[in-house]
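Just so we're on the same page: letters track the sequence lines, and every chain starts at 1.
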Amino acid sequence: MQGFKSFRKRVSIPILPGFTVFCGPNGSGKTNILDAVCFALGRTSTKSMRADRLHELIYHGNASIPPSDYASVSLWFDNSDRVFPLETPEVSIKRKINKKGISVYKINGKTTTREKVLELLSSARIHPDGFNIIMQGDVSQVIDMSPEERREIIDQVA
Amino acid sequence: MQGFKSFRKRVSIPILPGFTVFCGPNGSGKTNILDAVCFALGRTSTKSMRADRLHELIYHGNASIPPSDYASVSLWFDNSDRVFPLETPEVSIKRKINKKGISVYKINGKTTTREKVLELLSSARIHPDGFNIIMQGDVSQVIDMSPEERREIIDQVA
Amino acid sequence: KKEVFYECLRAIDKNFREVFKEIAKGEGSLQLENPLDIRSGLLIQANPAGKNLLNIDAMSGGEKTLTALAFLFAILKYKPAPFYILDEVDAALDKVNTRKIAEMIKKLSKKEQFIVITHNDYTIKQGDRVYGVSMENGESKILGLELPEMKAG
Amino acid sequence: KKEVFYECLRAIDKNFREVFKEIAKGEGSLQLENPLDIRSGLLIQANPAGKNLLNIDAMSGGEKTLTALAFLFAILKYKPAPFYILDEVDAALDKVNTRKIAEMIKKLSKKEQFIVITHNDYTIKQGDRVYGVSMENGESKILGLELPEMKAG
Ligand SMILES: Nc1ncnc2c1ncn2[C@@H]1O[C@H](COP(=O)(O)OP(=O)(O)OP(=O)(O)O)[C@@H](O)[C@H]1O
Ligand SMILES: Nc1ncnc2c1ncn2[C@@H]1O[C@H](COP(=O)(O)OP(=O)(O)OP(=O)(O)O)[C@@H](O)[C@H]1O
Ligand SMILES: [Mg+2]
Ligand SMILES: [Mg+2]
């Protein structure tokens, strides 16, 4: 990602199979990484990424450094078992947003629409608001929600 | 207190000036102690004490032990500086609730009404829903609340 | 369609009972409010460590976390998601339960991909790899951390 | 009446700036949305550790906790309540911030009465006295605990 929230410079984080841990002081940027993943998956609720409006997701500068012009996050998925209906061994999804809040989506480098991205992700059973992503403070959500909402989770899985 | 939630047997906890810590495993009863204090101070919202109805605050029994008939909690306050408009060196507030959910309040052993209790407590600036009691999970409430609600806290203090 | 739902629910309920027994040492189960109506709500029954059945709303902070994670793991064992991201889910847990959850994640991560954000040292040690996030002058940076235990094993 | 409010707000704002500087090493302040209207809302400005001013909703979990406790302590220094009960307020804090908050409570508890529920060892050690709560057969019991450090001094 680059220019996304507190990650001004381009950074690439390898996420291998198994158990990956992120730790660090309060306010260092750990949850921002989670926000970046949700952003790239096509989430539209800025509130869920702790922003009022989309352009607030762009690095906003400091005393000596100006704000960035855009924020972009790319996710690479292993496609060796062809879980995505594409022939490439890896599938990349990229979302870039400019100061006006306009998003551009790319699949494997080709510009596309958010709808196409969601469609591709759902073929791998990935959803921007999936319950496989538990946000900070939300772990007991499944206990606090209504029985109907909880049953809908089973619907989604079935 | 006696019979209050998980505290079947009568227990007396001295709370001295300074810094008192309660620790222990999950589900051991720490927050129940806080609920007991709020209960005795006259709180009516059972939801805030994690019960649907008042009688659920009474010890509900186990495989081998029957439920208690009542729940009672007493608080003793140091009144050596006469912050309460009473002449006793200590002031005690007691609330007892029976299976029908009926509460009986006592000040220094004399039966009285909830209104009288609230009135007495407010003379010492004690309030069952005061912001001096931060419940589990609520610490950032003052950040998440509306600016108007936050200003009302200042109103209360002023 | 009804068949699919019931088969799915039965499997997840079975998993939930096992996971809940393992991490909360108690009896837990999932049931429809109206077993004959697949549109009705889903109830969670949970008795941690042999306590009397309580409304799940009356559970403690830590007990709710354990029950919620047991639910998540029960679904995982039926139909795993491609990855899981958990942000400080151990915040309300005591030391014993933090270990149980960290060890369960370690075990499940042999097959499933877990990304976990935590402040807890024990959980950090369970990780296959650890990234330290820090902030300098308002900018975040990420460092791969090597823990002594990792080198040994 | 307006006088009383402004005097109170000014004092609490002054306290907030000091406390926030001490625990978050940053600039914080309290301001009315409309400084001339005492019915308007109260805004919190908070820049932890020299970051650019952000909407307080955009702060991290730990930063929100620190800011909220700074607000509480600011009011305490103006007009203390008879007692404070804090239930696991350190859940979102890292080690450094947990220490800062525990030490600030220790300091304030010379004059004010604090009852704190916590899982954190450092906070427990700061206590003047520690009660361990445990459950046996569905019944809670309380034990006074003596910590080695306490005997030493
Ligand atoms: N658009 C932005 N530009 C620059 N910095 C930003 C932007 N949005 C958020 N931040 C910074 O990111 C920080 C929050 O980071 P984050 O929520 O990831 O912390 P965290 O590591 O999860 O902390 P905690 O352990 O307290 O949860 C805030 O302090 C804020 O200053
Ligand atoms: N009426 C009742 N009778 C008996 N037990 C009860 C009653 N109400 C609640 N409990 C028990 O009290 C327990 C919850 O206690 P409490 O919330 O105080 O835990 P805690 O020590 O704060 O835990 P945590 O660290 O997870 O927050 C529940 O497990 C429940 O079984
Ligand atoms: Mg965070
Ligand atoms: Mg609790």
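- Although no hydrogens or angles enter the test, the distance criterion places no donor-acceptor pair under 3.5 Å between the side chain of A/Ser28 and the main chain of C/Met135.
- Within the 4.5 Å cutoff, no side-chain heavy atoms of A/Gln136 are placed close to those of C/Ile117.
- One finds the CG atom of A/Leu16 at 10.0 Å from the CD1 atom of C/Ile115 (value rounded to the nearest 0.5 Å).
- Residue contact with chain A, scored on non-hydrogen atoms closer than 4.5 Å, involves the backbone and the side chain of C/Lys106 alike.
- Taking a 6.0 Å sphere around NZ of A/Lys110, one finds it holds 12 or fewer heavy atoms contributed by other residues, nucleotides or ligands.
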Exercise for review: Report the C-alpha separation of A/Asn26 and C/His119 in whole Å, then their side-chain angles, then the decisive distance to 0.1 Å, and conclude whether the side chain to side chain contact (heavy atoms under 4.5 Å, CB included) test is met.
Suggested key: CA-CA 9 Å; A/Asn26 291 131; C/His119 289 297; 3.4 Å; yes
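- The CG atom of C/Leu42 sits 12.0 Å away from the CD atom of A/Glu149 when rounded to the nearest 0.5 Å.
- Considering only heavy-atom pairs separated by less than 4.5 Å from chain A, the leading option among C/Asn120, C/Leu108, C/Val89 is C/Val89.
- Around atom NZ of C/Lys141, more than 12 heavy atoms belonging to other residues, nucleotides or ligands sit under 6.0 Å away.
- Using a 4.5 Å cut-off between heavy atoms, A/Asp78 does not touch chain C at all.
- Minimum heavy-atom separation, C/Pro80 to A/Arg125: O-NH1, 3.4 Å.
- Annotation: maximal heavy-atom pairing with chain C below 4.5 Å, among A/Pro14, A/Ala63, A/Gly18, A/Ser146, occurs at A/Gly18.
- Heavy atoms only, all atoms of each residue included: C/Gly127 and A/Val21 are closest at CA-CG2, 3.8 Å.
- Of the listed residues (C/Ala81, C/Ser40, C/Ala91, C/Gly144), the one with the most heavy-atom contacts under 4.5 Å to chain A is C/Ser40.
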Practice item. Could you give me the CA-CA distance, side-chain angles and deciding distance for C/Glu139 and A/Asn62, then say whether side chain to side chain contact (heavy atoms under 4.5 Å, CB included) is met? Key: CA-CA 9 Å; C/Glu139 291 184 37; A/Asn62 212 3; over 6 Å; no
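- Taking each heavy atom of C/Ser140 and A/Gly29 in turn, the nearest pair found is OG-CA, 3.6 Å.
- Heavy-atom distances place both the backbone and the side chain of A/Val157 under 4.5 Å from chain C.
- The candidate from A/Ile65, A/Asp155, A/Val139 with the greatest count of non-hydrogen atom pairs under 4.5 Å with chain C is A/Val139.
- Contact count versus chain A (heavy atoms, under 4.5 Å) is highest, among C/Leu30, C/Leu32, C/Leu86, for C/Leu86.
- Heavy-atom distances place both the backbone and the side chain of C/Gln126 under 4.5 Å from chain A.
- To the nearest 0.5 Å, atoms CD1 (C/Ile142) and CZ (A/Phe7) are separated by 4.0 Å.
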Practice item. Report the C-alpha separation of C/Lys79 and A/Gln156 in whole Å, then their side-chain angles, then the decisive distance to 0.1 Å, and conclude whether the side chain to side chain contact (heavy atoms under 4.5 Å, CB included) test is met. Key: CA-CA 11 Å; C/Lys79 204 182 268 185; A/Gln156 273 191 40; over 6 Å; no
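- Proximity to chain A at a heavy-atom threshold of 4.5 Å picks out C/Thr67, C/Ala68, C/Leu69, C/Phe71, C/Leu72, C/Ile75, C/Tyr78 from residues 66-78 of chain C, in numerical order.
- At most 12 non-hydrogen atoms from other residues, nucleotides or ligands lie less than 6.0 angstrom from CZ of C/Arg39.
- In this structure, the portions of C/Thr123 lying under 4.5 Å from any heavy atom of chain A include both its backbone and its side chain.
- Residue with the most contacts toward chain C among A/Ile126, A/Ile153, A/Asp138, A/Ile33: A/Ile126 (heavy-atom pairs, distance under 4.5 Å).
- When all heavy atoms are compared, the tightest approach of C/Asp57 to A/Ile143 is OD1-O, 4.1 Å.
- Put simply, the side chain of C/Asp128 never gets that close to the backbone of A/Thr20: no donor and acceptor are under 3.5 Å apart.
- Contacts between A/Val83 and chain C at a heavy-atom distance below 4.5 Å are absent for every atom of the residue.
- Nearest heavy atoms, C/Ile38 versus A/Arg151: O-CD, 3.1 Å.
- Contacts between C/Asn137 and chain A at a heavy-atom distance below 4.5 Å involve backbone atoms as well as side-chain atoms.
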Review point. Is there a side chain to side chain contact (heavy atoms under 4.5 Å, CB included) between C/Ile12 and A/Ile154 once you walk through the steps?
Key: CA-CA 9 Å; C/Ile12 294 175; A/Ile154 307 293; 3.9 Å; yes
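- A/Ile15 contributes atom CD1, which lies 8.0 Å from atom CZ of C/Arg129 (distance to the nearest 0.5 angstrom).
- Of the listed residues (C/Val4, C/Ile44, C/Asp90, C/Thr65), the one with the most heavy-atom contacts under 4.5 Å to chain A is C/Ile44.
- A distance of 7.5 Å separates CZ in C/Phe83 from CG in A/Leu75, rounded to the nearest 0.5 Å.
- Taken to the nearest 0.5 Å, the CE atom of A/Met135 stands 10.5 Å off from the CD1 atom of C/Ile85.
- Residues of residues 98-105 of chain C lying within less than 4.5 angstrom of chain A, judged on heavy atoms, are C/Ala102, C/Ile105 in numerical order.
- Residue-environment remark: NZ (C/Lys111) stays at or below the threshold of 12 foreign heavy atoms within 6.0 Å.
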